[in-house]
Every structure is written in C-alpha cells, then in structure tokens.
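Side-chain atoms are counted along with the backbone in the values below, which use heavy atoms only and exclude waters and symmetry mates. Chain A is the first sequence line, chain B the second, and so forth, proteins listed ahead of strands; every chain is numbered from 1.
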Protein chains: 2
Amino acid sequence: MTDHVDLVLEQWGAERPDLDVSPMAVIGRLKRLSRLIDAETRRTFGAHGLDPASFDVLATLRRSGPPYRLTPAALMRAAMVTSGAITQRLDRLEARGLVTRTPSESDGRVVHVALTDEGGALLDRVLPDHLATESRLLAALGKTDQDALADTLRNVLESLGDTRE
Amino acid sequence: MTDHVDLVLEQWGAERPDLDVSPMAVIGRLKRLSRLIDAETRRTFGAHGLDPASFDVLATLRRSGPPYRLTPAALMRAAMVTSGAITQRLDRLEARGLVTRTPSESDGRVVHVALTDEGGALLDRVLPDHLATESRLLAALGKTDQDALADTLRNVLESLGDTRE
DNA sequence: GAAAAGTATCTCACTGCTAAGAGATTGGCT
DNA sequence: AGCCAATCTCTTAGCAGTGAGATACTTTTC
C-alpha cells in the first residue's frame, strides 16, 4: 500500500534523482500524522468546550499531583511554547475560573498557577474521551508495534535533548 | 534512558492508575517531536528568507514536475490546510515574484499557480540544506530503524485515510 | 434550456502563537 | 553590603492559520 508521502518520494525521485530524499519518508509522515492527530483531538476537546492549548495546561496541572499547582515557567517548558503563549493561555483559563493565579510568598518574581475544583472536574471529564480518541487513532497498530514505535521515538527525542524537565 | 513523556506517563500512573494512558506514549512523543522538527526546519528556511509555509508551496510545485504548475485546490490538499491559508500563502509568494497566478482558460473557476524561474532557483538552493537538517534530526536512528519507522507511520496514515491525492 | 447542486477561489473576523523586550526580583561574586 | 547577571512574568506588535461564508463558474438533472 502507499500513502501520500510515497507519492511525494516518487515525485522527488523523478525530478531530483541526484538528491537523497529518504529522510522525508520519516519526517514527512511525522508532519502529516501530527496534523491529523491535531485535527482529531481538537474535535474531542471542542465537544467539552476546550481547545488543545487549554487542555494541555489543565492536564499538566492535574498530573503534577496535589496541590495541583505549578509556575508559568514550568508550564512553558512542559508545553514547549513561549512565555507569551502561557500568559495568554492562563488569562483565558483564569477568566473561566478553571485556574487561579497567586503571587508566590517566597519569590517575588514567581506566580503559582493552581487548578480550581471546576478546572479539575472538567479535565477529569475530558480525559477519558481524549484517551479514547488517541487510542482510536492508533488502532491500526498492535500493542507490539505501538511499543516499538514509542521506543524509536524516545530514542530520537533523547538524541535531541528532550529529557525529563 | 527516559525522556519527558516517560515522566508524563509516570505522573498519570500515580494520579490516575485507573486509566490506560498508554496511547500517550506514542501520541505525546509524536507531538513533541513534531514541535522540535518544526523549530529546527524553521531555522533552515529562515536562513534563506523563507518560512515553512512558503517552502511547502514551492516544494509542492517543484516536485510536481514540468510545467511546475498546480491549482490552489491541489496545493490545499497537499498541505492539509484550508483554502484561506493557501490564498494568503499565494498572495505572499506572488508579491515576491516566486509564483504567478493565471486564470484557467478551460474552467473559469480555476487558477493556475506556476513557479517562476526565481521561485524554482530559490527552492533548489534551499532543498539540500533542508534535507541535511532532516537527516541530522534523524541521526540517532540507523537506516533499518528509519525504514521501520517509516513503515509503521505509513500504516497509521493509511488507516486514517491519508492516500495518494 | 432552466433550475439545482457542486466546485473553486477568495474574503474577513477572529484566534493563538512568536519575537522582542520591559519591569521586577533574586542570588552569586567581589 | 552592593553590583551584576540571571530569572520570571507580562506586554505588545505582527503574523499565519481557521471557520464561515460570499462570489463566480460548471455540471447534473429534469
């Protein structure tokens, strides 16, 4: 069977046979799959009145465990976005009462972002649906393939410096 | 070794041991890797005065072969973006003289987008650098692993309906 | 051959991100 | 103690995308 990227590779092979375009077989597919995943998960979040960015913040707080509180800097690193993006995400979530911002007592530069009961409850409602969507997206692969895929991706991420924290 | 997603999985395991979060091992990594790839390739394009969106259009035209001409609708499908995004990309590229827009003679609804000599020359300058960047991003994997990864990703893409055209 | 359905492109309001930098605070160094 | 570099959060301008829909043209159906 062949997918869109196979067509792309054939086209390059015909037009630029002098170049080795084999990295595109992986990177091109990662990009396309990423877009598909994004579109699908966006629908799931939308059904609960959320967008991927808001879900990401709520989930990061939720999985950090009690007291469900992190700094904007920690959220920024977890989400791989700029500080400006986090400020805006928090503005939206705070306006909806899903998180609170409190100045730190020990460090005047720092703010503590905490999940409200409402925010936590909303996340717990969305999470099972989200996991079902993710699972459906990977349904074509058996458990062994999924594990192998995760391992391979971890190797690449580690080589690029994506470590814990 | 462990990466950021391993930490995420551990956290969910502690906070919500009732849920099966294993799909995140794959999907979470795809998302993070995609962001890293995007940031890196953006730098390569930037060195040539391009952005990923512009490169994408130029490359799609270039690999389509002579006469290096496609419709906005074809570009839209290849890039997986909305028609509005393509219109804006073409506005920018046309203003820089990298593509031309000509109304179709056989179908009044259709426009032909063609690569100019300048656009083709620019793409041919960027492409080797871009391939080098992609290759570097995957340097941690051997050829066998890369092939296996490409195969697995193709399986998933096909299962989601990502076919040739 | 006229009406209805479909297709292609573009427009526009809105959203969310980045890049650059400002302002405030902290901690290490001398 | 005092200074300087580093850190943290927020601000702002600008950019690129989406979603909904307008417009124009073509094809199908009766």
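Counting non-hydrogen atoms under 4.0 angstrom, A/A53 reaches the backbone sugars and phosphates but no base. Residue-level contact check: A/G84 touches the bases, meaning some heavy atom is under 4.0 Å from a base atom. Nucleic acid contact for A/A73: sugar-phosphate only, since backbone atoms but no base atoms lie under 4.0 Å from a heavy atom of the residue.
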Check residues 84-93 of chain A and write down every donor-acceptor pair under 3.5 Å in which the side-chain atom is one partner and the other belongs to a residue at least two apart or another chain.
unit_1: A/T87; atom_1: OG1; unit_2: A/S83; atom_2: O; d: 3.1
unit_1: A/R89; atom_1: NH1; unit_2: A/D56; atom_2: OD2; d: 3.2
unit_1: A/D91; atom_1: OD1; unit_2: A/R101; atom_2: NH2; d: 2.3

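Projected onto DNA chain C by closest heavy-atom contact, A/D51 and B/I86 fall at different nucleotides, the more 5' of which corresponds to B/I86. Sequence order on DNA chain C of the closest nucleotides to B/P72 and A/A85 puts B/P72 first from the 5' end. Mapped onto DNA chain D by nearest heavy atom, A/R35 and A/T87 fall at different nucleotides, with A/T87 at the one closer to the 5' end.
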Polar atom pairs (N or O), protein with nucleotides 4-7 of chain D, under 3.5 Å:
unit_1: D/dT7; atom_1: O2; unit_2: A/R109; atom_2: NH1; d: 3.0

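The stretch residues 88-100 of chain B touches DNA chain D through B/Q88, B/R89, B/R92, each having a heavy atom under 4.0 angstrom from the strand.
Of the possible donor and acceptor atoms, none in the side chain of B/D151 sits under 3.5 Å from a partner among the backbone N and O of B/R154.
Using modelled atom types, one finds a donor on one side chain and an acceptor on the other under 3.5 Å when comparing A/D51 with A/S54.
Between A/V21 and A/L9, the closest side-chain pair of non-hydrogen atoms falls below 4.5 Å. Proximity of A/F55 to A/L127: side-chain heavy atoms (C-beta onward) are separated by under 4.5 Å at one or more points.
Atom-to-atom distance recorded for B/D38:CG and A/L30:CG is 12.0 Å, nearest 0.5 angstrom. Going from atom CG of B/L138 over to atom CG of A/N155 covers 12.0 Å, rounded to the nearest 0.5 Å.
The outermost nucleotides of DNA chain C lying under 4.0 Å from heavy atoms of chain A, listed 5' to 3', are C/dG16 to C/dT26.
Rounded to whole Å, atom P of D/dG17 lies 11 Å from atom CG of B/D38. Residue B/R42 contributes atom CZ, which lies 9 Å from atom P of D/dG17 at whole-angstrom precision. Separating the CE atom of B/M80 from the P atom of D/dT18 is a distance of 11 Å, rounded to the nearest angstrom.
Among residue pairs with one or both ends in residues 75-117 of chain A, none qualify as ring pair (Phe, Tyr, Trp, His ring centres under 6.0 Å); sequence neighbours excluded.
Heavy atoms only, all atoms of each residue included: B/L131 and A/P23 are closest at O-CG, 4.2 Å.
Of the candidates B/R29, B/H4, B/R32, A/D162 forms a side-chain hydrogen bond (donor to acceptor under 3.5 Å, both in side chains) with just one, namely B/R32.
Residues satisfying the side chain to side chain donor-acceptor pair (under 3.5 Å) criterion with A/R63, sequence neighbours excluded, are B/Q11.
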